[in-house]
Every structure is written in C-alpha cells, then in structure tokens.
Amino acid sequence: MREKVIVIDFGGQYNQLVARRVRECNVYCEIYSYKTDIAKIKDMNPKGIILTGGPNSCYEQGAPSCTEELFNLGIPVLGLCYGAQLMMLVLGGKVEKAPVREYGKIEVSVNTSSALFEGVSPTTICWMSHNDYISQPAPGFDICARTADCPVAAAESPALGLYAIQFHPEVLHTKEGTKMLYNFVRGICGCSGDWKMDSFVENSIKSIREKVGNGSVLCALSGGVDSSVAAVLLSKAIGKQLTCVFVDHGLLRKNEGDEVEAVFGPDGPYKLNFIRVNAQKRYYSKLAGVTEPEQKRKIIGEEFIRVFEEEAKKIGAVDYLVQGTIYPDVVESGLGGESAVIKSHHNVGGLPDYVDFKEIIEPLRDLFKDEVRKAGLELGIPDNLVYRQPFPGPGLGIRIIGEVTEEKVRIVQDADLIYREEIAKAGLDRSIGQYFAALTNMRSVGVMGDERTYDYAVALRAVNTVDFMTAESAEIPFEVLQKVMSRIINEVKGVNRVMYDLTSKPPGTIEFE
Ligand code: GLN
C-alpha cells in the first residue's frame with residue numbers, strides 16, 4: 001500500500017500546486033472536493049490531510065465547510081489560508097474581516113521550535129492573499145507565526161496533530177514553503193517518502209502486463225510528451241502487442257514526422273508496431289479556403305478521427321485503447337477537486353466512439369506534467385522528446401493566420417526551425433517557457449536586391465510562464481532577435497518582414513488562433 005496524503009479542495013487557485021509540492025517531497029497525494037464524504041476519507045486511510053485556500057469567507061452562511069469529525073480522526077491536518085480559517089472556526093476560534101488585508105510577499109516571524117517550522121529561518125518571506133484573518137485561535141492552539149498585521153499567521157496543537165497557516169507555502173514566493181510542507185508530510189505525518197518515479201515505472205509496467213495479458217492495445221501517438229511516455233511504458237510492458245498509429249497531418253514542425261518515426265519506428269529502440277499515416281495532402285485539401293480559426297480546429301480534429309478510424313478498421317478489434325490523460329485533466333474535468341472548468345481533451349478528441357475496444361488504459365492518469373517527464377527520463381526516452389515544448393493538437397494550423405496552404409506551412413516551418421536553432425545557439429532553449437514562429441496573414445512591401453517585394457510577415461513569439469495560465473513575453477537579447485530576423489529574411493522565400501510579439505497573457509493568448 002502506497003502512503004497517501006489527501007488535499008481537500010475549497011476552490012482556491014493554487015490547489016494543484018499543493019499536491020505537486022507534496023509529491024516533490026516523495027509523498028503521493030490526491031485532490032478531493034470538500035464535499036467528499038467523511039466515510040470515504042476514512043476509507044482512503046490517508047497519512048495526512050491538507051485543507052486548501054478558497055475564495056469564500058468561512059463565517060458566511062453557506063460557505064464551504066467541513067465537519068468537526070475531520071479533526072478528530074487522529075490524522076494530522078494542515079489548513080492553508082481558507083483551510084486554516086475554517087479549522088479555527090469549526091474548533092471554536094474566531095475568524096473575521098481583517099482590519100488590514102495582506103497580499104503579496106510578507107515577512108513572517110515563525111517559532112522555529114514548532115515541528116512545522118523546523119529548520120526554517122526565524123523571519124521568512126511568505127506569500128499572503130487574504131481579506132479575513134484569525135482574530136483568535138481555537139482553544140488549545142498556540143500561535144506559532146505572526147506578521148506586523150496578522151497576529152495569527154500560524155497556530156498549532158501538536159498534541160492533536162492540527163496546524164493552521166494563513167499564508168501559502170505551496171507558492172514559490174514563500175521562500176521556505178517546500179520545507180514547511182516537507183516538515184508536515186515527512187515529519188508530522190510520518191510519511192517515509194515512497195513515491196518515486198523508478199518505482200512508479202516498475203509498478204506500472206507490472207500492472208499493465210497483468211491487466212493486458214496477451215490482449216492487443218492501440219495507441220494514438222502524437223509525438224508529444226504524454227503520448228510518447230505512455231507508448232514507451234506500454235512497449236516495455238507488452239512489446240509487439242502494442243500498435244501505435246502516428247498521423248502526420250502536415251501541420252507538424254519541420255522534420256518532426258521523421259523524428260517521431262526515428263524514435264518509434266522499426267529502426268528505433270522500442271518493440272512495438274508503428275504505423276505512420278501520411279495524411280498531409282488530405283488535410284491541406286480539407287483546409288483549402290477555410291479561414292475561421294474555430295472551423296480550422298474542427299476540421300483538423302474531425303479529420304484526425306476519420307484517419308484514425310480507417311487505420312483502426314484495418315487493425316480490427318483491439319482489447320485496449322491507450323489515452324495519455326494526466327492528473328490535471330482528471331482534476332479539471334471535475335473528478336478531482338472543486339475546479340469548475342470542463343476541459344475537452346483535444347489530443348484524444350472523441351476517439352473512444354470510433355474504435356472497437358473493450359477498455360481504456362490511462363497509464364499516466366495519476367501524474368502531473370513534471371512527473372510525466374521524470375517517468376520519461378526514467379524510461380530512457382531521449383531528452384529532446386521529454387522536454388519538448390507544448391504543441392497544440394491542431395499544430396501549425398493555428399499558427400498560420402487565415403487560410404492554410406502547403407506553401408504557408410513550408411514558410412512557417414522554415415522560419416520556426418531557424419528561430420529554434422538560434423535560440424538553442426544562444427543557450428536560451430531551456431530557459432524560455434515556449435517559443436515559436438507564426439505566419440501572419442499580412443503582406444507588405446519591401447525591397448530585396450533592388451527589387452520591390454510584396455511578401456508575408458513572420459511573427460516571433462516567446463513567453464515565460466510557470467503554469468501556462470498566465471505568461472509574459474520573454475526578453476530575448478536584441479542581437480539574437482536580429483540574427484533570427486536576418487536569417488529568416490535571407491533563407492525563407494516569401495518573407496520580407498519579421499516582428500516580435502510583446503503581448504502578455506492575459507490579454508493575449510500564447511497561440512495566435
Ligand atoms: N477568502 C479567504 C480570505 O480572504 C481565504 C483566502 C485564501 O484562501 N487565499 O481570507
């Protein structure tokens with residue numbers, strides 16, 4: 001039995017981060033809604049419980065709550081922000097609107113003899129984001145941290161294993177936050193730290209083998225991180241019983257189709273059946289004359305299903321279909337926490353309806369993205385694949401504004417390759433979150449070789465982001481941008497202008513369409 005800590009979600013914005021940080025302490029962790037039945041929580045037999053932040057005020061009528069019983073299970077509980085306030089309120093303390101709200105990095109004085117703050121500096125910078133505050137801790141609790149404006153920045157009852165902190169240790173702005181979470185899960189909860197990628201990989205291979213027996217498995221391989229890791233995991237478990245179908249829709253980055261084939265094809269290191277479908281022309285003809293972004297996306301998605309379906313028919317009935325679902329998809333589709341967003345999985349867009357199979361296998365269902373990468377490295381997948389940038393399902397189709405044509409695909413592929421080469425040469429490829437070239441639908445006048453030109457403008461995009469929810473445009477040294485510009489204009493026929501996109505997200509998006 002794997003040790004587990006559970007995160008109870010009260011709707012805060014950093015809740016997935018809490019779970020990720022706990023897992024960085026080598027403790028497995030899952031997120032559940034605050035509405036989860038207490039009996040179910042007991043059944044899961046967690047080593048610890050963490051209550052998250054949330055937008056409400058816990059003293060208001062109808063605010064998300066929890067029962068007092070949760071604190072009497074003999075399981076250590078850590079409340080964060082809303083969770084801390086709620087714990088105090090339920091146990092008889094006082095929570096009210098704070099005379100001074102705190103937001104941002106705040107200096108906190110902590111009592112380092114508290115088990116929660118062991119090894120933490122006596123004054124430390126923490127991330128605060130609250131309007132309410134604990135004006136009086138619950139009976140039996142001692143105050144173990146404060147700030148200039150917040151008399152109870154943390155309170156504890158070590159005898160009961162209960163801890164409440166007003167700030168957010170999961171946010172990286174809290175300098176020693178990971179240490180505090182480590183102190184909680186490894187110290188107070190007594191977890192030994194059995195969540196490691198090598199054992200995850202080993203156990204997954206074993207359980208896939210048991211489950212599949214001598215059945216057959218089909219996987220739609222996109223060349224992205226998730227589907228690649230899933231495919232390799234399956235290949236290690238069941239070898240030739242796995243068939244991967246890779247659809248080259250002609251909207252991939254330059255050489256990408258061949259790169260995927262080199263890794264997963266017959267000359268690559270893995271044992272599996274690899275089918276590459278060269279559907280480029282088919283996609284280009286479907287996309288001819290279409291300019292509206294949503295319609296382009298739809299055509300590309302539907303065509304993918306058609307192509308996949310044709311291949312699946314040739315293969316015949318299979319026992320299992322692999323999907324590269326990862327944990328954030330599970331949480332965001334409402335199965336995990338409180339998050340309201342329903343995400344449609346465009347990478348697997350409705351496949352199950354079109355393939356004759358008995359069951360779905362989702363080998364990465366419990367993993368966060370960084371854990372998928374670690375599993376990939378553990379499996380020996382090449383670095384460039386594991387650290388591949390995010391790439392949208394519709395591919396270059398949405399990096400070409402307006403109509404997609406073969407000619408435009410060539411232009412954007414060539415420009416993008418030059419951009420990537422120069423970014424790598426400048427040593428920036430791991431430090432920039434995401435960067436790519438797009439083709440604007442704008443043509444303008446220029447002069448080249450004394451001749452008037454009327455050609456396209458390429459837009460360069462580069463953003464830094466922690467979570468891809470918000471992003472800032474990256475500060476690329478001007479010499480690097482100039483080098484990219486000059487190479488694109490010289491080497492890519494059809495381009496006479498290069499622009500750099502400065503827009504952050506919001507109000508912009510990372511992609512162009
Ligand atoms: N809504 C509560 C407050 O304003 C809790 C905030 C939070 O959890 N970040 O204090």
Side-chain angles (χ1 to χ4, degrees), residues 5-22 29 31-36 49-66 70-71 77-108 110 116 124-138 141 143-156 162-178 180-181 184 331 336-341 466-467 469-470:
V5 162
I6 64 173
V7 169
I8 299 196
D9 186 348
F10 288 93
Q13 51 181 325
Y14 307 121
N15 299 345
Q16 288 196 30
L17 268 184
V18 177
R20 269 176 58 189
R21 298 279 172 261
V22 169
C29 181
I31 304 170
Y32 292 92
S33 160
Y34 73 91
K35 293 178 191 129
T36 308
I49 297 171
I50 300 178
L51 314 181
T52 73
N56 301 78
S57 287
C58 63
Y59 48 79
E60 263 166 14
Q61 190 80 45
S65 192
C66 65
L70 187 70
F71 304 110
V77 183
L78 171 66
L80 305 178
C81 206
Y82 185 87
Q85 296 166 354
L86 183 65
M87 180 193 290
M88 292 300 100
L89 187 75
V90 169
L91 297 177
K94 233 166 129 185
V95 178
E96 54 195 312
K97 182 151 219 74
V100 182
R101 72 188 279 264
E102 289 178 303
Y103 184 81
K105 293 182 188 172
I106 310 268
E107 196 175 84
V108 181
V110 303
L116 198 55
T124 183
I125 297 294
C126 299
W127 181 257
M128 287 282 192
S129 170
H130 65 117
N131 300 310
D132 300 331
Y133 81 144
I134 300 161
S135 50
Q136 199 186 303
F141 279 76
I143 295 172
C144 55
R146 51 185 98 228
T147 74
D149 292 312
C150 185
V152 189
E156 63 177 2
L162 303 179
Y163 297 81
I165 54 188
Q166 181 58 70
F167 51 86
H168 289 273
E170 70 277 20
V171 173
L172 286 179
H173 301 313
T174 298
K175 247 175 96 193
E176 299 176 271
T178 305
M180 299 168 194
L181 289 172
F184 180 69
V331 175
E338 264 311 294
S339 169
V341 209
V466 182
D467 49 12
M469 309 283 271
T470 60

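Indexing begins at 1, ligand by ligand and atom by atom, following the structure's order.
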* Keeping to residues at least two apart or across chains, list the ring-ring contact (aromatic ring centres under 6.0 Å, His included) pairs with something in residues 80-106. => Phe10-Tyr82, Tyr103-Trp127
Which N or O atoms of ligand 1 sit under 3.5 Å from a protein N or O, and how far apart is each pair?
{"unit_1": "ligand 1", "atom_1": "1 (N)", "unit_2": "Gly54", "atom_2": "O", "d": "3.1"}
{"unit_1": "ligand 1", "atom_1": "1 (N)", "unit_2": "Pro55", "atom_2": "O", "d": "3.3"}
{"unit_1": "ligand 1", "atom_1": "1 (N)", "unit_2": "Asn56", "atom_2": "O", "d": "2.6"}
{"unit_1": "ligand 1", "atom_1": "4 (O)", "unit_2": "Asn131", "atom_2": "N", "d": "2.9"}
{"unit_1": "ligand 1", "atom_1": "8 (O)", "unit_2": "Gly54", "atom_2": "N", "d": "2.9"}
{"unit_1": "ligand 1", "atom_1": "8 (O)", "unit_2": "Gly54", "atom_2": "O", "d": "3.2"}
{"unit_1": "ligand 1", "atom_1": "8 (O)", "unit_2": "Tyr82", "atom_2": "N", "d": "3.1"}
{"unit_1": "ligand 1", "atom_1": "9 (N)", "unit_2": "Ser129", "atom_2": "O", "d": "3.0"}
{"unit_1": "ligand 1", "atom_1": "9 (N)", "unit_2": "His168", "atom_2": "NE2", "d": "3.2"}
{"unit_1": "ligand 1", "atom_1": "10 (O)", "unit_2": "Gln85", "atom_2": "NE2", "d": "3.0"}
{"unit_1": "ligand 1", "atom_1": "10 (O)", "unit_2": "Asn131", "atom_2": "N", "d": "3.2"}
{"unit_1": "ligand 1", "atom_1": "10 (O)", "unit_2": "Asp132", "atom_2": "N", "d": "3.0"}

* **Test item: Met180 and Thr124 side chains (from C-beta on) under 4.5 Å apart, heavy atoms** => yes
* **Pro151 versus Ile143, closest heavy-atom pair with distance** => O-CG2, 3.5 Å
* Please name all residues satisfying side-chain contact (heavy atoms from CB on, under 4.5 Å) with Leu91, sequence neighbours left out, ordered by chain then number. => Glu68, Phe71, Met87, Ala138, Phe141, Leu162
Please set out all donor-acceptor pairs under 3.5 angstrom arising from side-chain atoms of residues 95-102, sequence neighbours excluded.
{"unit_1": "Glu96", "atom_1": "OE2", "unit_2": "Ser135", "atom_2": "OG", "d": "2.6"}
{"unit_1": "Arg101", "atom_1": "NE", "unit_2": "Asn131", "atom_2": "OD1", "d": "2.8"}
{"unit_1": "Glu102", "atom_1": "OE1", "unit_2": "His130", "atom_2": "NE2", "d": "2.7"}
{"unit_1": "Glu102", "atom_1": "OE2", "unit_2": "Thr147", "atom_2": "OG1", "d": "2.8"}

* Structure fact -> Between Val18 and Val7 the two heavy atoms that sit nearest each other are CG1-CG2, 3.9 Å
